[in-house]
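Sequence lines set the chain letters: A, B, ... in the order given, protein chains first and strands last, and positions in each chain run from 1.
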Amino acid sequence: MLLSFSNRLFWSAVTLLGTAVLTFFLVNAVPGDVARIIAGPKASADVIKAIHAKFHLDEPIWKRLGYHLNSLAHGDLGQSYITDQPVAEAILTRLPATAALSAIAIVLWMLLAVPLGVLTAKYNGTWFDRSVLVLATFSLSLPAFWLARMLQYWLSYKLGWFPVAGFRGFAHLLLPAGTLALLFVGYYARLIHSSMMEVLNSAYVRAARAKGASETAVLFRHGLRNAMIPVVTILGMDVAGLLGGVMFVENVFALPGIGSLAVQSVFNLDVPVIMGTVMFSAVIVVAANLVVDVLYRWIDPRIKTSA
Amino acid sequence: MANHSLSTSGAESRGWLGGVFRNRLVQVGGGLLLLLVVVALTAPLWVKVGWLRDPLQQFPSGLDDDGMPLLADGKFLAGTDNLGRDVFSRVVFGTRVSLTVGVAAMLTATVIGVVMGVVAGFRGGRLDLLLMRFTEMNMTLPAILLAVAFAGVMDGHIVHLHPGALPWHWLDVKLERGMISLFCIIGFVCWPGMVRVVRAQVLSVKEREYILASRALGASDARLIFSHILPNILPTIIITAVMLTASTIMLEAGLGYLGIGVPAPAPTWGSMITDGQPYFITAPHLVIVPGAAIVLTVLAFNLLGQGLQEVLEPKRKG
């Protein structure tokens, strides 16, 4: 269903608000004294009182929700219990590594998935198509954290083809991005396959064939260009799934990105950072959906807004 | 479209059940799954017979002279872990945890998804809009992060659902990490996909002639839904549920890996990988074996789902 752009903006805002309220209740509505977590079990009553005052912990919950939303609106995601660093700052300093990793991964898996999808659509039902299907299902079934460890062990540690871990430039991103690409290539190869199948059976492709267009022209100019429209949409919606994979891969390869931040905060039970990364991914996903929405209208001018 | 239906096995002419069992993907995926289920159910028997060791027992003979885990040998089929426990037994018993949590979470998500999808699709209008926006909102967050956020608050606190003045302590809920809270969490983050599929199916089915005829004859909404719509979309629900189980098991493994799955010492594949990581260089089997178990199980569900889709829903193949 396609909504008008202003309508979509409105629902994006509602989505973010919903996420903000949800994260607030997860952090705050749970019994147990947050001040104790911050100050530690041996803190004096005065310290606890001061922390209560600082974070408005004694006030009614709806008032605290108000404070929370207000600080979110000002870009304040709270402070880490462990390091005292503002969560927003922690996320922003880690954004470049995550963004670069994701971008390289998307390029890698698309470079693989597009030819696989087009060729399996052309040779639909053959042994080639069936083997790609099974391989794609296999790639869907790999746990990110396990695949990352395996590749790190064999390709970096044993064979020495890639740096083992850390982040000191492009080379350090190659294997992590390759891991992500392997995790997602199967899904996209199948997606492009089914999208291509639909397009290849359409009237305009038959018309193109009838007028004598070459096979390459049919597959790529008439077929792929139209088949990519739904794929781009799914790519935009899939950012959430990608972030889930990024989390584990960054952790294994010790990349200083948002994913490893999220994993660390889980290990440390650093609740503000967990909620901050949830909030941040919501913003990214909503933004990605908006971008796709605009792209969509640009790629396919037939689409008119419905509202 | 035409090519699609021609290229599929023509299941309808031979009875759909026959078509299902003739599909190679269903054979492989279903066979694998059957094997896993049998293994999971009979694992305690194996221990009694002596084919398997107790997954929790720490064997002094399971560590070498330096106190390090043993590699696979004749005695320990897949080696031992850092506490001298038998890795093979632990992986076998992990099947029980994974399948229980995965299937229970799938059922939770399926119930939520089918109810919401049917209501949204059947009622339509403003309720539909509201439910679908709510669903989209839930799709916005990475499932693993959302599950982490929920699991993070499971720290043994007790929530009193009753008013403070009343001593209704049977209403207390203890927020504790365990199998039940885990499958609820996973179920709560996995339903959106089901809602979308079910809603789309309901929308297309409810305008068909036999539904309209039944409605004209005065059938109630409940009768329309339960005896006409649900049976017709059941294949779709089954396919989606099978594929959903692949995701719920993957999520269970991921949460276990992050240390917020079923608590120790229960043998879960995810936590086995985490515990084995420090020993990876000298004892890679600690990571390889449980990981392979995850891949095998998730693959079984994915292959089965893919195969079922080809037979039962040739149009939506892909």
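Residues in residues 127-150 of chain A take part in these ring-ring contact (aromatic ring centres under 6.0 Å, His included) pairs, two or more places apart or across chains: A:F145-A:F248, A:F145-B:Y257.
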Stepwise, does the side chain to side chain donor-acceptor pair (under 3.5 Å) test hold for A:S141 with B:N302? CA-CA 7 Å; A:S141 311; B:N302 274 332; 3.0 Å; yes
Stepwise side chain to side chain contact (heavy atoms under 4.5 Å, CB included) test for A:M150 and B:V287: CA-CA 9 Å; A:M150 290 292 133; B:V287 173; 3.9 Å; yes
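Counting heavy-atom pairs closer than 4.5 Å to chain A, the top residue among B:G270, B:G305, B:A300, B:A292 is B:A292. Between chain B and the residues A:L142, A:V286, A:T120, the largest count of heavy-atom pairs under 4.5 Å involves A:L142. Highest contact tally toward chain B, considering only A:V285, A:L242, A:V252, A:N289, is held by A:V285 [criterion: heavy-atom pairs under 4.5 Å].
In this structure, chain A has a heavy atom under 4.5 Å from the side chain of B:P284, while its backbone stays farther away. In this structure, the portion of B:I273 lying under 4.5 Å from any heavy atom of chain A is its side chain and not its backbone. There is no contact between B:A246 and chain A, counting heavy-atom distances below 4.5 Å. Neither the backbone nor the side chain of A:S195 comes within contact range of chain B; no heavy atoms are under 4.5 Å apart. Of the two parts of A:T137, the backbone and the side chain both hold a non-hydrogen atom closer than 4.5 Å to a non-hydrogen atom of chain B. With a threshold of 4.5 angstrom between heavy atoms, B:I281 approaches chain A through its backbone and through its side chain. For chain B, the nearby part of A:A262 is the side chain; its heavy atoms alone come within less than 4.5 Å. Neither the backbone nor the side chain of B:L296 comes within less than 4.5 Å of any heavy atom of chain A.
Listed here is the closest heavy atom pair of B:F280 and A:R149: CE2-O, 3.6 Å. B:M250 and A:L140 make their closest contact through CE-O, 3.7 Å (heavy atoms, listed as atom of the first residue, atom of the second, distance).
Within a 6.0 Å sphere centred on OH of A:Y157, other residues, nucleotides and ligands contribute 12 heavy atoms or fewer.
Inter-residue side-chain proximity for B:Q306 and A:V134 is flagged as unmet; no heavy-atom pair is nearer than 4.5 Å. Contact of the B:L258 side chain with the A:M247 side chain is registered, since non-hydrogen atoms from C-beta on lie closer than 4.5 Å.
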